[in-house]
Amino acid sequence: MEGGILAKYDFLTLDDVETSGKRVFLRVDINVPLDPSTHEILDDTRIRAVCPTLEELKGARVVLGSHQSRPGKDDFTSLEPHTKLLERYCSQQVRIVDDVLGPQARQEISKVRPGEVLVLDNLRFCAEENIDDKPEKLAKTHLVKRLSPLFEVYVNDAFATAHRSQPSIVGLSEVLPSAAGRLMEKEVGAVSTLLLEPKRPCVYVLGGSKVEDKVPVMEHILSRDKADRILLGGVPAKLFLRALDRKVTFDEREVSGYESFLETARNLVGKYRDRIVVPVDLAFEEKGKRTDRRVDSTLPQEPTLDIGKETVEKYSKVVRGAATVVANGPLGVFETNGFDLGTKSILESMALINGYTVIGGGHLVGLATIHGIEDKFSHVSTAGGAMLSLLAGQTLPGVDALVRAAKRTRGSREESS
Ligand code: 3PG
Ligand code: MG
């Protein structure tokens with residue numbers, strides 16, 4: 001199918017597999033922002049998002065697995081605080097075992113009764129889970145060999161980790177009958193809507209600090225004529241201002257490493273100049289205060305902290321006239337007082353329109369939650385990188401594995417009928 005985008009019938013869902021009374025391994029992504037010292041959960045969006053699938057699996061013997069951060073990071077920790085919130089939000093009995101695949105975990109797994117949920121601790125405590133590899137290699141890892149015999153069904157609801165080719169995302173799906181959970185289904189469905197037949201005008205708002213994951217999205221959606229306007233903020237705006245040869249000077253620390261994208265950016269503005277929109281003004285901190293300056297004036301050698309007020313007006317107007325709006329990445333340093341204007345205004349304009357609206361990436365979703373408008377969007381994605389990869393036309397290893405598993409199941413059902 002075009003650009004690796006999947007219609008939802010390409011993989012099995014909870015409608016297609018019998019889970020009642022069955023031993024189900026449920027892979028979720030409840031990797032959340034944590035206070036590095038207290039490990040208090042700062043945003044629980046991903047934990048709440050698991051509830052619909054858990055609700056549907058109420059008759060099953062559920063063992064849930066997730067990672068939290070990566071080895072070496074301050075927030076690489078146990079899933080104990082997550083387990084408490086899961087129990088609270090999903091009104092089910094949820095307990096955790098202090099193990100991933102050792103004897104203690106396997107013994108606890110064998111004791112799970114229908115209606116109970118057992119959480120394995122952070123899957124990345126197991127070194128193998130941190131390696132990206134080919135599906136056939138992943139199917140032979142210790143994690144898969146030890147855990148798969150204990151389950152009858154594998155359910156993947158970890159859309160936000162589907163861009164990783166890791167044992168619990170791909171390996172288990174290679175060897176067990178597998179289905180997508182409700183969140184996975186919803187997330188893939190949202191991207192399909194955007195890439196197949198988006199209602200026009202379709203507007204993208206791309207900000208944040210990473211240009212490496214925004215430029216491929218721009219190339220894909222522009223070359224397939226799936227976007228009418230792309231409004232830029234954050235570091236992507238700087239890359240394209242430079243590609244347009246505007247005489248803007250930047251704090252080099254902000255834009256280091258982006259030079260390798262300059263040629264692609266130049267090609268894109270060469271072909272799609274009327275669709276790529278860059279700020280007309282930018283905001284800086286001068287003498288402790290927000291100052292907005294037009295990009296054609298002499299700019300201070302200070303970090304850019306937001307799009308300027310004139311740009312906010314311009315962008316908001318485009319958003320208000322759109323039928324589809326997708327936003328990923330903040331337009332400025334919204335954590336700093338006064339510099340959340342651009343990001344907040346765009347989110348508010350999106351929340352007001354009648355069209356199809358999608359926000360993704362932890363920062364935007366967190367800000368929408370702080371302002372209490374998170375339920376005003378058609379779809380709030382729990383993913384950052386995975387959604388951008390799909391929008392860039394790439395396939396996701398976790399979704400591919402579900403598709404292969406569906407083919408196996410359909411093949412064996414046909415044989416036995
Ligand atoms: C994420 O938040 O990006 C996902 O949970 C995947 O985690 P990772 O980027 O550490 O693989
Ligand atoms: Mg990540």
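First listed ligand is number 1; within each ligand, the first listed atom is number 1. Along the sequence shown, residues carry numbers from 1.
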| Arg27: which of Ser178, Ser168, Ser173 passes side chain to side chain donor-acceptor pair (under 3.5 Å) |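 When side chain to side chain donor-acceptor pair (under 3.5 Å) is applied between Arg27 and each of Ser178, Ser168, Ser173, only Ser168 qualifies.
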
| message | Can you confirm whether the side chains of Asp75 and Thr77 place a donor and an acceptor under 3.5 Å from each other? | response |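 No donor-acceptor contact under 3.5 Å links the two side chains.
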
| Is it the case that Glu187 and Ser381 place a side-chain donor and acceptor less than 3.5 Å from each other? |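 Their side chains do contain a donor-acceptor pair, which is all the 3.5 Å distance test asks for.
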
What is the nearest protein non-hydrogen atom to [atom], stated with its residue, atom name and distance?
| atom | answer |
| --- | --- |
| atom 6 (C) of ligand 1 | His67 NE2, 3.6 Å |
| atom 11 (O) of ligand 1 | Arg164 NE, 2.5 Å |
| atom 4 (C) of ligand 1 | Asp29 OD2, 3.3 Å |

| request: From atom 2 (O) of ligand 1, work out which of Arg124, Arg46, Arg70 has a heavy atom at the shortest distance. | output: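 Answer by nearest heavy atom: Arg46.
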
| Residue list, salt bridge (charged side-chain N to carboxylate O under 4.0 Å, His left out) with Arg95, at least two apart or on another chain |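 For Arg95 the salt bridge (charged side-chain N to carboxylate O under 4.0 Å, His left out) partners, ignoring immediate neighbours, are Glu108, Glu116.
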
| field | For Lys58, salt bridge (charged side-chain N to carboxylate O under 4.0 Å, His left out) partners two or more places apart | value |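 Salt bridge (charged side-chain N to carboxylate O under 4.0 Å, His left out) check on Lys58 returns Glu55.
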
| said: Is Gly385 close enough to touch ligand 1? Criterion: a residue heavy atom under 4.0 Å from a ligand atom. | reply: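 Contact check Gly385 vs ligand 1: negative.
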
| query | Any idea which atoms of ligand 1 are less than 4.0 Å away from a heavy-atom of Ala160? | reply |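 Near Ala160, the atoms of ligand 1 are 4 (C), 6 (C).
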
| query | Taking everything shown except His142 itself, do over 12 heavy atoms lie less than 6.0 Å from its NE2? | reply |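 Open: at most 12 neighbouring heavy atoms sit under 6.0 Å from NE2 of His142.
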
| message | For ligand 1 and Asn31, I'd like to know whether there is a polar contact (N/O to N/O, distance under 3.5 Å). | response |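 Yes; the residue has a nitrogen or oxygen that sits under 3.5 Å from a nitrogen or oxygen of the ligand.
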
